[in-house]
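To start, the structure under review is shown below, and the notes come after it.
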Amino acid sequence: MWEATLDPAYADEAAAALVAEAGPWTAREVYRSLDRPSHLVVISHWADEAALAAYAGRTWRTDPAAERAAVPPAAVSGQARVWHFNPAG
């Protein structure tokens, strides 16, 4: 999961790019805050940890490589955050 607040000037373009971008993930969900439309949350689903690591490289646990292609660092206002979860079942 990737979360970031974007510069409002980039928010519409970045959200559209994240929705449209094709990649090796099995699914991707992009959410915008109702209260702050420049605040985005992206949930990318991967086949397994190996698929994510192959795409994002050795720093995949801390580096939002899957989102960086669609959202340039200059568009992010503040610090983007990354979390990783495994299915609970």
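Just the heavy atoms: all of them, side chains too, but no hydrogens, waters or symmetry mates, feed the values below. The structure presented is a predicted model; accordingly, all values stated were derived computationally and were not measured.
The shortest distance between side-chain heavy atoms of Thr5 and Val76 does not fall below 4.5 Å. Contact annotation: the side chain of Tyr10 never approaches that of Val71 to less than 4.5 Å [non-hydrogen atoms, C-beta and beyond]. Side-chain contact between Arg32 and Asp12 is present, with heavy atoms from C-beta onward closer than 4.5 Å.
Annotation for Pro8 and Ser38: closest pair CA-CB, 4.2 Å, computed over non-hydrogen atoms. Taking each heavy atom of Leu6 and Ala14 in turn, the nearest pair found is CD1-CB, 3.4 Å. Across all non-hydrogen atoms, the minimal contact from Trp2 to Val82 is CD1-CG2, 4.0 Å.
Annotation: Glu13, atom CD; neighbour count of heavy atoms from other residues, nucleotides and ligands within 6.0 Å does not exceed 12.
The aromatic rings of Trp25 and Tyr55 stand perpendicular to each other, their planes meeting at an angle above 60°, with 30° marking the opposite boundary.
Atom CD of Glu3 sits about 9.5 Å away from atom CG of Leu40, to the nearest 0.5 Å.
Scored by the salt bridge (Lys or Arg N to Asp or Glu O under 4.0 Å) test, Arg36 finds no partners at all (sequence neighbours excluded). His45 meets the ring pair (Phe, Tyr, Trp, His ring centres under 6.0 Å) test with no other residue; sequence neighbours excluded.
When hydrophobic clusters are built by joining Ile, Leu, Val, Met, Phe, Trp and Tyr residues whose side-chain heavy atoms come closer than 4.5 Å, directly or via intermediates, Leu34 is not grouped with Val19. Residues Trp83 and Ile43 share a hydrophobic cluster, clusters being chains of Ile/Leu/Val/Met/Phe/Trp/Tyr side chains in contact below 4.5 Å.
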